[in-house]
There are 2 protein chains.
Amino acid sequence: MAGRKVNTMEELAEVSGISRPTLSKYFNDPDSVRETTRGKIKIALERYDYRPNIFAINQNRKLTKTIGIVVPYSADPFFAEIVRMIERRCIDAGFWPLVFSSHGQQELENNALATLQSLRPAGALIAPLGRSSDFESVQSFAEEVPTIVFDSNVNVGEAFVGSDNSQSIGLIVNYLCRTGEPPCFFEMAPVNPNANKRRDAYIKTMQALGHDPMVLQVDGAGWDFENIGLKEGNRLMVERKLPSETVLCSNDRLAVGLIAAAYQNDIKVGYGEGCSLRIAGHDDHPQSQFTCPPLTTVAQDYSSIAEHSVELLFGMINGESRTADRPEVLFEGKLIMRESA
Amino acid sequence: MAGRKVNTMEELAEVSGISRPTLSKYFNDPDSVRETTRGKIKIALERYDYRPNIFAINQNRKLTKTIGIVVPYSADPFFAEIVRMIERRCIDAGFWPLVFSSHGQQELENNALATLQSLRPAGALIAPLGRSSDFESVQSFAEEVPTIVFDSNVNVGEAFVGSDNSQSIGLIVNYLCRTGEPPCFFEMAPVNPNANKRRDAYIKTMQALGHDPMVLQVDGAGWDFENIGLKEGNRLMVERKLPSETVLCSNDRLAVGLIAAAYQNDIKVGYGEGCSLRIAGHDDHPQSQFTCPPLTTVAQDYSSIAEHSVELLFGMINGESRTADRPEVLFEGKLIMRESA
DNA sequence: CATGAAACTTTACCCCTGTAAAATTTCTTT
DNA sequence: AAAGAAATTTTACAGGGGTAAAGTTTCATG
């Protein structure tokens with residue numbers, strides 16, 4: 001690509017001696033042109049630096065190669081990780097993933113959806129804000145764009161992929177009850193359906209095991225979960241209002257904050273000798289193995305969720321699976337026993 | 001937006017009674033049309049759901065409203081946070097930020113740059129991979145697109161914005177020396193210029209203070225820093241090869257791993273009574289305040305870096321500041337004294 | 001009310017590629 | 001070598017909106 005800069009396919013046609021429509025075919029699928037032709041094109045491409053204009057391409061194709069990914073908060077470790085996996089798979093499949101973060105705000109979520117829609121993407125994978133989502137916006141988006149909803153199950157789109165909170169919470173509550181004092185449940189005012197499901201699952205499991213559920217719902221808005229865990233944990237510890245020596249947190253980030261609070265109050269966390277507080281989380285964030293003590297938690301099946309979401313979407317895009325019903329695929333959580341509980 | 005769906009500006013012109021060129025003006029700048037006209041357009045927009053086709057817009061405009069953001073690893077807390085801030089500012093300024101993550105791989109970085117270039121963005125903010133960047137690709141990109149480089153200073157683009165590693169490392173080394181045993185320096189094989197600058201600054205500062213520098217360079221590839229800190233830290237502790245009771249880590253993620261290693265080896269970390277190891281980091285990642293003990297570190301000035309990068313870029317885009325030289329703007333780090341050192 | 005500037009409409013052409021249809025060439029097959 | 005299939009070229013139009021030029025309307029001003 002040393003030669004002069006070639007800006008349009010027309011120009012490339014001139015210098016390569018290949019007609020523009022054939023070039024167009026080539027760029028859509030190199031294997032769709034004769035091998036000798038392909039060779040000539042490749043040689044031309046080495047000599048002249050050319051790259052098709054994405055805007056012009058997408059303006060005419062009915063089906064874009066764009067895939068939209070919308071998450072509530074891109075800096076959250078769970079979403080950062082799952083987005084990373086989804087992106088990878090899209091790229092491998094020859095698609096072009098575009099990530100939008102709502103930063104926790106309805107306005108930005110609507111914005112992202114609107115922008116995305118005007119990009120006429122082949123499909124979208126969205127994890128809605130949940131309670132603060134503008135339901136109508138999300139719905140009207142999903143009517144136009146093939147959409148898979150993941151993580152937070154609001155009732156739109158063609159399918160939902162997420163974790164079986166009922167199973168996963170059941171799992172860890174059971175574990176905690178078998179190995180020590182029954183846990184209380186530490187949560188913030190729920191921001192999405194997951195939070196509600198987790199609490200309900202906690203209550204149900206506790207009752208099934210013959211224990212009284214103890215739900216601690218603390219205040220706090222936004223996505224600064226660790227801080228809320230720290231502040232409210234601190235308060236509860238200072239005021240000695242923790243109803244149990246075992247605390248199950250609604251998610252790992254709260255647990256991280258709570259562990260920090262325990263440290264500040266000289267409370268030793270763990271399941272072993274000399275420990276006076278057990279703390280468990282939910283999700284198995286990437287950093288949860290590095291807390292002190294390492295966090296006992298339930299792992300969400302990141303890679304299955306990512307893979308299955310993407311597969312479902314590709315299926316829809318290829319028109320394979322237009323089912324009338326809206327399947328909900330739930331993956332089971334795995335108990336991750338570490339030292340904190 | 002209840003009425004029938006309007007797909008093109010032409011159609012909107014019909015139903016609104018406003019000519020298409022005027023509508024075009026309106027969408028480029030609502031204030032450029034007469035108020036009565038603006039009113040009519042707004043009313044039409046409420047009745048008919050219409051949004052200009054982004055592809056068509058960008059195909060024709062010489063200057064796109066797109067801003068590319070390329071980072072080496074989107075799931076890294078530092079980048080997650082700084083991207084969040086940059087995105088916000090771009091959106092507020094009416095631009096359309098597109099985030100690409102290289103996931104640590106040269107191929108993906110090249111890919112991102114190529115894709116981005118074909119989007120003809122108004123400008124780009126890139127944090128290159130550093131040592132594994134394909135320098136030529138980055139350079140040829142920066143020649144076409146107004147580019148600000150941040151975080152990792154490879155010598156391309158119109159300007160660099162980052163942290164003054166020399167100052168920040170000097171600061172914390174000084175602090176550590178004044179408050180206890182001089183630190184050794186814990187790092188991985190450097191992946192970018194920052195790592196080198198930090199080590200060099202460490203050595204220089206130690207020498208200036210009359211101490212012998214002790215650099216521990218551990219193996220490890222990829223972006224799994226905490227794990228490397230944990231594994232290598234474990235090894236060093238088990239083999240009793242830590243040359244000092246104070247360890248300054250090249251970044252917070254390594255420090256998080258090292259703190260976990262100390263915990264596993266029953267080594268109490270902190271500056272107070274009964275502690276036998278001090279650990280400090282660099283960057284002040286969002287989660288560093290929640291480690292146990294909370295991490296003493298040097299804070300990079302996230303918001304200044306984000307703001308200044310964006311401002312410089314906007315300046316270039318508006319043609320204000322085409323300086324011949326390539327300014328390098330460095331922000332100072334702030335010492336964050338917590339309990340770990 | 002006349003005047004001129006500002007805003008608007010009309011008309012027309014441009015951007016760059018997709019894509020369909022018909023005509024031509026190339027390759028494969030018998 | 002002739003026929004047929006496959007690939008290519010030619011031709012032509014479409015997509016949705018930017019934008020310039022010329023003509024028309026609107027508005028503020030004197």
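Proteins come first, then strands; the chains are lettered A, B, ... in the order of their sequence lines, and each starts at number 1. As a basis for the values below, the full set of heavy atoms in this structure was taken, side chains included, without hydrogen atoms, waters or symmetry mates.
- Partners of B:Lys25 according to the side-chain contact (heavy atoms from CB on, under 4.5 Å) rule, which considers only residues two or more places apart in sequence or in another chain, are B:Ser32, B:Val33.
- Partners of A:Thr22 according to the side chain to side chain donor-acceptor pair (under 3.5 Å) rule, which considers only residues two or more places apart in sequence or in another chain, are A:Ser19.
- Ring-plane geometry between A:Phe95 and A:Phe314 is classed as parallel, the angle between the planes falling under 30 degrees on a 0 to 90 degree scale with a further cut at 60.
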Distances for protein N/O vs nucleotides 14-16 of chain D N/O pairs under 3.5 angstrom?
| from | atom 1 | to | atom 2 | distance (Å) |
| --- | --- | --- | --- | --- |
| D:dG15 | N2 | A:Asn60 | OD1 | 3.3 |
| D:dG15 | N2 | A:Asn60 | ND2 | 2.8 |
| D:dG15 | N3 | A:Gln59 | NE2 | 3.4 |
| D:dG15 | N3 | A:Asn60 | OD1 | 2.7 |
| D:dG16 | O4' | A:Gln59 | NE2 | 3.3 |
| D:dG16 | N2 | B:Asn60 | OD1 | 3.3 |
| D:dG16 | N2 | B:Asn60 | ND2 | 2.8 |
| D:dG16 | N3 | A:Gln59 | NE2 | 3.0 |

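- Qualifying side-chain contact (heavy atoms from CB on, under 4.5 Å) partners for B:Ser24, counting only residues two or more places apart in sequence or in other chains: B:Met9, B:Asn28.
- Near DNA chain D, meaning a heavy atom under 4.0 Å from it, residues 28-41 of chain A has A:Ser32, A:Val33, A:Arg34, A:Thr37 in order of number.
- Taking the side chain to side chain donor-acceptor pair (under 3.5 Å) definition, one finds that A:Arg88 meets it with A:Asp92, sequence neighbours left out.
- With sequence neighbours excluded, the residues satisfying side-chain contact (heavy atoms from CB on, under 4.5 Å) with B:Ser304 are B:Asp301, B:Phe331.
- Contacts of B:Glu107 classified as salt bridge (charged side-chain N to carboxylate O under 4.0 Å, His left out), with partners at least two apart in sequence or in another chain: none.
- For A:Glu10 and D:dT9, the CD to P distance is 13 Å, given to the nearest whole Å.
- In this structure, B:Leu12 places its CG atom 9 Å from P of D:dG17, rounding to the nearest Å.
- Contact check of residues 18-25 of chain B against DNA chain C (heavy atom, cut-off under 4.0 Å) returns B:Ile18, B:Ser19, B:Arg20, B:Pro21, B:Thr22.
- With sequence neighbours excluded, the residues forming a side-chain contact (heavy atoms from CB on, under 4.5 Å) with A:Gln59 are B:Phe55, B:Ala56, B:Gln59, listed by chain and number.
- Among residue pairs with one or both ends in residues 71-82 of chain A, those qualifying as salt bridge (Lys or Arg N to Asp or Glu O under 4.0 Å) are A:Asp76-A:Arg253, A:Glu81-A:Arg84; sequence neighbours excluded.
- Not counting sequence neighbours, the partners of A:Glu307 by the salt bridge (charged side-chain N to carboxylate O under 4.0 Å, His left out) test are A:Arg89.
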